[in-house]
There are 2 protein chains.
Amino acid sequence: MDMNERKLKILEAIIRDYIETGDPVGSRTISKKYDLGVSSATIRNEMSDLEELGLIVQPHTSAGRIPSDKGYRMYVDGMMKRCHITPEVEEVITNLIKEKINRVDTLVEETAKLVAMLTNCATIAMTPPISQVRIKHIQLVPVDDYSVACVVVTDTNSVKNYVIPTPKAIDFNMCMALTNILNESIKGSTLSQISLNQLKYSIEEKMKEYGDIAGSVLQAIDNTLKQEDSPEIYIRGANNILDFNGMDDKDKTRTLLKLFEEKPYLSKILDQSKPNTVTIRIGEENVLTPMKDYSVVSTSYRIGEHAIGNIGIIGPTRMDYDQVVSVLEYVSYHITNMLKELGH
Amino acid sequence: MDMNERKLKILEAIIRDYIETGDPVGSRTISKKYDLGVSSATIRNEMSDLEELGLIVQPHTSAGRIPSDKGYRMYVDGMMKRCHITPEVEEVITNLIKEKINRVDTLVEETAKLVAMLTNCATIAMTPPISQVRIKHIQLVPVDDYSVACVVVTDTNSVKNYVIPTPKAIDFNMCMALTNILNESIKGSTLSQISLNQLKYSIEEKMKEYGDIAGSVLQAIDNTLKQEDSPEIYIRGANNILDFNGMDDKDKTRTLLKLFEEKPYLSKILDQSKPNTVTIRIGEENVLTPMKDYSVVSTSYRIGEHAIGNIGIIGPTRMDYDQVVSVLEYVSYHITNMLKELGH
DNA sequence: GTTAGCACTCACTAAACCCGAGTGCTAACT
DNA sequence: AGTTAGCACTCGGGTTTAGTGAGTGCTAAC
């Protein structure tokens with residue numbers, strides 16, 4: 001048995017209707033609401049085939065059909081339509097980006113909020129990890145005898161700081177000296193391009209008067225930056241998960257809420273997305289077990305050439321894929337665009 | 001009609017039992033489980049009085065009684081007992097504090113997590129606002145022509161940065177010059193003690209060669225610091241709110257979840273707490289409307305003399321007040337203690 | 001003032017029941 | 001061969017009914 005034009009149409013009708021209403025959809029509904037020119041009996045036969053193909057399932061005998069993960073997959077691969085972004089939304093987005101353009105962190109945070117509002121899904125957004133963005137300025141500031149703050153200004157105009165324990169006492173003058181040398185060496189590059197360790201010898205050379213301290217401080221900085229290369233992660237619209245499960249399932253809701261407090265896990269969820277496209281993982285397609293009950297749709301935006309941030313949503317497998325994908329595409333496209341100049 | 005010894009005992013029994021079981025408690029239960037030496041009929045009469053006094057209520061005829069807000073109030077005011085912190089918990093707390101002592105931010109975050117775990121309530125914790133902590137070092141770093149980053153190292157060894165738009169172009173040398181002067185003036189003080197505006201004239205004097213730029217930059221810094229004087233706020237154990245309402249009430253749960261994404265609101269919740277004590281607001285006692293369905297228990301910890309951070313929990317009015325108060329007291333006492341040296 | 005006894009209330013549960021949406025199958029029709 | 005009408009059957013969900021038991025309030029006796 002094979003797919004044919006009519007089967008596809010019926011599948012699409014089932015999915016559209018189910019996404020809209022949330023009720024299992026029966027043959028009669030389709031023959032009435034969607035104009036296929038055949039009777040419900042014929043549709044019934046086709047539906048029986050679709051079920052055999054694993055594209056739809058029956059929650060129980062004598063109920064209508066609902067799409068399976070595989071059915072949704074076929075839908076998003078072939079039948080999904082981009083949907084229209086209303087002018088009002090468009091305006092909100094552009095304003096948002098314009099206003100916040102100087103603060104990438106808050107821009108991303110606000111974007112997450114917006115996407116959550118538009119999609120009714122829990123939205124995760126993260127800034128690029130520090131190692132991927134170009135560094136405009138780096139500054140060491142003494143904190144106490146055995147620690148310095150390393151302040152990094154990126155070309156996205158966000159400022160990060162790291163408190164770094166140093167192996168040896170370090171004073172203000174030395175901070176300044178090291179700051180100067182560091183800036184000369186790495187200004188305009190990303191940390192993933194330049195390994196601080198490579199600089200070690202040349203810097204020890206230049207800072208002879210401080211002995212081997214400079215080198216070991218550098219080492220400490222390198223370690224900390226590598227360890228704490230974690231981006232900012234925002235989650236917004238968490239309340240939407242209350243509608244995902246048939247409310248019976250408090251345990252699943254709880255599990256999600258707990259995960260939302262684990263930043264490393266959130267970044268794992270978004271890691272799945274590939275650059276320049278919207279990635280959709282439906283139900284069982286998800287690698288991470290707790291996500292197997294949901295769909296994850298994610299994409300990325302770029303800042304300049306290298307820096308890549310992610311944004312994505314978690315929602316029920318029964319979600320309005322058309323809309324979600326449209327929103328994400330639109331948002332990521334615009335963030336990337338508006339930030340283009342910053343990263344050249 | 002008046003309270004007497006026996007009525008108090010009965011009230012206490014009702015509250016203890018209800019907190020433990022969650023079921024409305026009847027006269028028979030009390031006469032069996034708690035040894036008051038009188039029959040259920042007598043207790044019944046007393047309960048009728050207690051109800052008249054507004055201390056307990058009946059969810060419906062022919063159900064047992066449950067405490068009212070007023071009843072809980074009488075309980076926490078007079079009958080609550082500190083409860084024992086188990087040695088294991090004690091160890092966890094001390095280890096936590098020892099490990100994280102250098103990073104006040106993460107210390108507070110981890111503490112919130114711990115408290116959430118121990119109390120099964122949603123826990124909010126916040127660091128002191130920057131204006132309250134002593135400043136160890138302040139550093140201006142150029143970001144682009146029209147903005148500088150102001151990096152503030154506090155005597156709690158946490159580092160904050162603020163990106164500040166400047167009215168006029170500002171270069172590296174000027175940053176350094178201003179940095180030096182600022183440090184001389186405000187090192188060791190808190191921003192609430194010293195108004196940057198006071199410094200304006202003396203600084204313009206010292207930096208004559210830059211014209212009035214220094215003054216206006218200072219102004220900009222002052223503005224930003226005042227505006228963004230917001231502390232870090234952490235919320236942990238949000239999932240616990242799923243157990244607060246009788247699951248029927250999805251709306252209330254949703255409202256809470258939404259609020260948890262509004263940092264200013266969270267800080268408002270904790271603002272209610274008075275220094276050096278554990279503050280308890282039961283149900284209707286809360287000023288903030290959405291909190292009127294819950295109890296908020298909060299306290300503060302100190303860093304040095306001035307800096308005050310808050311930590312508190314939101315839970316159902318039916319919560320184990322004994323335990324919650326004990327945990328909060330213990331935790332705040334220990335944070336304050338361990339951080340004492342830092343803030344002298 | 002305390003207690004035993006008793007009638008009454010009412011939420012909650014389970015069982016019985018009905019309804020309707022939906023299916024699958026068969027037989028007839030094109 | 002594909003399509004359709006007709007029909008028996010299934011089963012989830014809602015409604016009704018009855019029963020149960022925890023708990024109260026009142027009264028009368030101790």
Side-chain angles (χ1 to χ4, degrees), chain A residues 1-11 13-15 17-18 20-68 71 246-249, chain B residues 1-11 13-15 17-18 20-68 71 246-249:
Chain A
M1 170 193 22
D2 233 11
M3 286 304 279
N4 59 33
E5 189 68 17
R6 194 168 65 189
K7 280 196 179 59
L8 282 175
K9 280 224 173 108
I10 292 175
L11 177 60
I14 292 174
I15 293 181
D17 205 80
Y18 182 63
E20 190 191 326
T21 67
D23 296 326
V25 14
S27 53
R28 194 124 187 294
T29 313
I30 295 181
S31 80
K32 269 193 298 183
K33 273 177 72 173
Y34 301 83
D35 197 18
L36 298 182
V38 289
S39 78
S40 68
T42 310
I43 293 176
R44 221 145 44 227
N45 290 329
E46 298 284 41
M47 281 167 81
S48 178
D49 291 353
L50 287 172
E51 182 160 19
E52 213 169 306
L53 288 166
L55 296 167
I56 55 179
V57 292
Q58 239 178 329
H60 50 260
T61 6
S62 89
R65 307 300 216 292
I66 63 177
S68 67
M247 92 140 59
D248 44 330
D249 234 330
Chain B
M1 172 191 19
D2 235 12
M3 286 303 281
N4 60 34
E5 189 67 16
R6 194 168 64 189
K7 280 195 179 60
L8 281 175
K9 281 222 170 107
I10 291 174
L11 177 60
I14 292 173
I15 294 180
D17 205 79
Y18 182 63
E20 190 190 326
T21 67
D23 297 324
V25 10
S27 53
R28 194 124 186 293
T29 313
I30 296 181
S31 81
K32 269 195 296 183
K33 273 177 74 173
Y34 302 82
D35 198 20
L36 298 183
V38 289
S39 78
S40 68
T42 311
I43 293 176
R44 221 144 44 227
N45 290 330
E46 298 283 41
M47 280 167 81
S48 178
D49 292 352
L50 286 172
E51 184 161 18
E52 214 167 307
L53 288 166
L55 296 167
I56 55 180
V57 292
Q58 237 177 330
H60 50 259
T61 9
S62 89
R65 306 303 214 294
I66 63 178
S68 68
M247 94 139 59
D248 43 329
D249 235 329

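Per chain, numbering begins at 1; letters A, B, ... match sequence-line order.
Every residue was checked against the side-chain contact (heavy atoms from CB on, under 4.5 Å) condition with A:N45, not counting sequence neighbours, and none meets it. Residues passing the side-chain contact (heavy atoms from CB on, under 4.5 Å) test with A:T61: none are found, sequence neighbours excluded. For A:Q58, there are no side-chain hydrogen bond (donor to acceptor under 3.5 Å, both in side chains) partners, not counting sequence neighbours.
Rounded to whole Å, atom C1' of C:dA21 lies 15 Å from atom CD1 of A:I43. Atom-to-atom, NZ of B:K7 to C1' of C:dG1 comes out at 12 Å; the value is rounded to the nearest Å. Atoms CG (A:N4) and P (D:dA1) sit 17 Å apart, rounded to a whole Å. The separation between A:E46 atom CD and D:dG2 atom C1' is 10 Å, rounded to whole Å. Atoms NZ (B:K32) and P (C:dT3) sit 17 Å apart, rounded to a whole Å.
The OG atom of B:S68 lies 8.0 Å from the CD1 atom of B:I15; values are rounded to the nearest 0.5 Å. The distance from atom OG1 of A:T42 to atom CE of A:M47, rounded to the nearest 0.5 Å, is 12.5 Å. Here CD of A:E46 is found 10.0 Å from CG of A:L53. Values are rounded to the nearest 0.5 Å. Summarising the geometry, atom CD belonging to B:E5 is positioned 11.0 Å from atom CD1 belonging to B:I10; distances are rounded to the nearest 0.5 Å. Going from atom CD1 of B:I56 over to atom CZ of B:R65 covers 5.0 Å, rounded to the nearest 0.5 Å. Between the CG atom in B:L8 and the CE atom in B:M3 there is a gap of 4.0 Å [rounded to 0.5 Å].
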Write down the protein N/O and nucleotide N/O pairs, taken from nucleotides 14-19 of chain C, whose separation is under 3.5 Å; answer none if there are no such pairs.
none

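In this structure, the side chains of B:K7 and B:L55 stay at 4.5 Å or more apart for every pair of heavy atoms.
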task = Treat primed atoms plus P, OP1 and OP2 as sugar-phosphate and everything else as base, then score nucleotides 22-29 of chain D 5' to 3': B for base contact with protein heavy atoms under 4.0 Å, S for sugar-phosphate contact only, - for none.
result = BSBBB---
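Base-pairing analysis of DNA chain D finds the following stems of at least three consecutive Watson-Crick or G-U pairs, with both pairing distances under 3.5 Å: C:1-30 with D:1-30.
Map B:V38 and B:H60 each onto its nearest nucleotide of DNA chain C; the residue landing nearer the 5' end is B:V38.
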Enumerate donor-acceptor pairs with a distance under 3.5 Å from any side-chain N or O in residues 20-32 of chain A to protein atoms, sequence neighbours excluded.
unit_1, atom_1, unit_2, atom_2, d
A:T21, OG1, A:D17, O, 3.0
A:T21, OG1, A:D23, N, 3.1
A:S27, OG, A:R44, NH1, 3.4
A:S31, OG, A:R28, O, 3.1

